[in-house]
Amino acid sequence: MKRARRLCTIAIAPSLLLLLSACSRAPSKVKGAPETPPDEQFEIGSTFADRFLIWKCYREHRVVMLQPCSPHSCDDWIVYRGACGEELPLEREHIASRHEGATADAGDLASRQDRHPIPEGSGWR
């Protein structure tokens with residue numbers, strides 16, 4: 001009986017650790033995050049995905065929040081700001097550097113074919 005319990009604990013512990021490491025702080029709780037839901041939110045990539053929250057013009061700034069993710073966890077959200085109506089360099093450079101085949105042309109972020117919804121519970125909250 002003791003051996004079965006030990007094996008169960010050994011099997012469950014890594015799964016629990018993986019589940020906990022996949023959790024991250026809500027983007028609305030990040031310092032500098034806007035107080036309203038974003039205009040757009042999406043994820044680009046699959047195994048190594050990048051989550052984007054975009055406010056086109058929030059209090060006179062374009063705001064982009066980025067959360068890079070690996071297969072087992074996601075980093076903290078990062079807040080970037082720029083002028084309303086202008087794409088931030090991050091929106092081109094980050095995609096070109098992280099995703100093979102992407103270009104740094106203006107508007108690349110908006111035209112990506114692999115853009116898909118952020119998993120429920122992982123986007124704006």
Side-chain angles (χ1 to χ4, degrees):
M1 182 70 165
K2 283 185 179 182
R3 184 169 188 224
R5 190 178 308 149
R6 189 174 335 138
L7 288 175
C8 183
T9 302
I10 290 170
I12 292 174
S15 300
L16 184 59
L17 182 61
L18 179 62
L19 180 63
L20 291 174
S21 68
C23 297
S24 63
R25 187 166 44 150
S28 61
K29 305 295 182 203
V30 173
K31 183 177 181 179
E35 298 169 357
T36 60
D39 297 313
E40 298 180 72
Q41 61 177 351
F42 54 88
E43 189 173 81
I44 293 179
S46 55
T47 306
F48 290 89
D50 298 315
R51 295 175 178 165
F52 287 88
L53 306 177
I54 299 175
W55 289 260
K56 294 176 182 173
C57 198
Y58 177 80
R59 295 189 180 168
E60 301 179 24
H61 291 96
R62 179 175 182 84
V63 180
V64 175
M65 290 184 71
L66 165 69
Q67 184 183 46
C69 297
S70 71
H72 302 293
S73 66
C74 292
D75 294 342
D76 289 333
W77 288 95
I78 305 164
V79 181
Y80 297 90
R81 294 182 183 278
C84 288
E86 293 184 20
E87 188 175 62
L88 299 179
L90 148 88
E91 295 176 71
R92 295 183 305 273
E93 296 165 7
H94 183 77
I95 301 241
S97 68
R98 291 261 309 199
H99 301 285
E100 195 173 315
T103 65
D105 294 339
D108 189 58
L109 184 62
S111 65
R112 298 284 297 156
Q113 296 298 317
D114 57 350
R115 202 184 219 212
H116 49 274
I118 293 174
E120 191 172 328
S122 299
W124 183 256
R125 59 190 192 288

K.L.:
Can you measure from CG (Leu90) to CZ (Arg81) and round to the nearest 0.5 angstrom?
P.N.:
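One gets 13.5 Å once the value is rounded to the nearest 0.5 Å.
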K.L.:
Going by heavy atoms in the side chains, are Arg51 and Pro119 under 4.5 Å from each other?
P.N.:
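Yes, side chains in contact.
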K.L.:
Using a 3.5 Å distance criterion without hydrogens, assess whether the side chain of Ser70 forms a donor-acceptor pair with backbone atoms of Phe48.
P.N.:
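Checked: no pair found.
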K.L.:
Using the side-chain hydrogen bond (donor to acceptor under 3.5 Å, both in side chains) criterion, which residues pair with His116? Sequence neighbours excluded.
P.N.:
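His116 satisfies side-chain hydrogen bond (donor to acceptor under 3.5 Å, both in side chains) with Glu43 once adjacent residues are dropped.
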K.L.:
Considering non-hydrogen atoms only, spot the tightest contact between Asp50 and Cys69 and give its length.
P.N.:
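Nearest heavy atoms, Asp50 then Cys69: OD1-N, 4.3 Å.
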K.L.:
Please determine if Lys56 and Glu87 form a salt bridge, counting it only when a charged side-chain N lies under 4.0 Å from a carboxylate O.
P.N.:
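No, Lys56 and Glu87 are not salt-bridged.
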K.L.:
Not counting sequence neighbours, which residues clear side-chain hydrogen bond (donor to acceptor under 3.5 Å, both in side chains) with Glu35? List them please.
P.N.:
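With sequence neighbours excluded, Glu35 shows a side-chain hydrogen bond (donor to acceptor under 3.5 Å, both in side chains) to Arg59, given in chain and number order.
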K.L.:
Report the distance from atom CG of Leu88 to atom OH of Tyr80, rounding to the nearest 0.5 Å.
P.N.:
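One gets 9.5 Å once the value is rounded to the nearest 0.5 Å.
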K.L.:
Less than 6.0 Å separating the ring centroids of Trp124 and Trp77?
P.N.:
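Between Trp77 and Trp124, which both carry aromatic rings, the centre distance is not below 6.0 Å.
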K.L.:
Quick one: list whatever passes side-chain contact (heavy atoms from CB on, under 4.5 Å) with Lys31, sequence neighbours left out.
P.N.:
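side-chain contact (heavy atoms from CB on, under 4.5 Å) list for Lys31, sorted by chain: empty.
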K.L.:
Using side-chain contact (heavy atoms from CB on, under 4.5 Å), reason through Val64 and Leu53 one step at a time and then give a plain yes or no.
P.N.:
CA-CA 6 Å; Val64 175; Leu53 306 177; over 6 Å; no
K.L.:
Hey, which of Glu91, Glu86, Glu40 is the one that makes salt bridge (charged side-chain N to carboxylate O under 4.0 Å, His left out) with Arg62?
P.N.:
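Answer to the salt bridge (charged side-chain N to carboxylate O under 4.0 Å, His left out) test with Arg62 among Glu91, Glu86, Glu40: Glu91.
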K.L.:
To the nearest 0.5 Å, what is the distance between CE on Met65 and CD1 on Ile78?
P.N.:
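It comes to 9.5 Å.
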K.L.:
Closest approach of Cys84 and Tyr58, non-hydrogen atoms and distance?
P.N.:
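The answer is SG-N, 4.5 Å.
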K.L.:
Please name the pair of heavy atoms, one in Pro27 and one in Ala33, separated by the smallest distance, quoted to 0.1 Å.
P.N.:
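So the minimum-distance heavy-atom pair works out to O-CB, 3.2 Å.
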K.L.:
Looking only at non-hydrogen atoms, find the nearest pair between Ile118 and Phe52 and report the distance.
P.N.:
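So the two residues come closest at CD1-O, 3.8 Å.
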K.L.:
Find out whether Asp39 and Ile54 are in side-chain contact, i.e. whether some heavy atom of one side chain is under 4.5 Å from a heavy atom of the other.
P.N.:
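Contact flag for Asp39/Ile54 side chains = no.
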K.L.:
Should Val30 and Asp76 count as side-chain neighbours, where that means a heavy-atom distance under 4.5 Å?
P.N.:
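Val30 does not reach Asp76 side chain to side chain.
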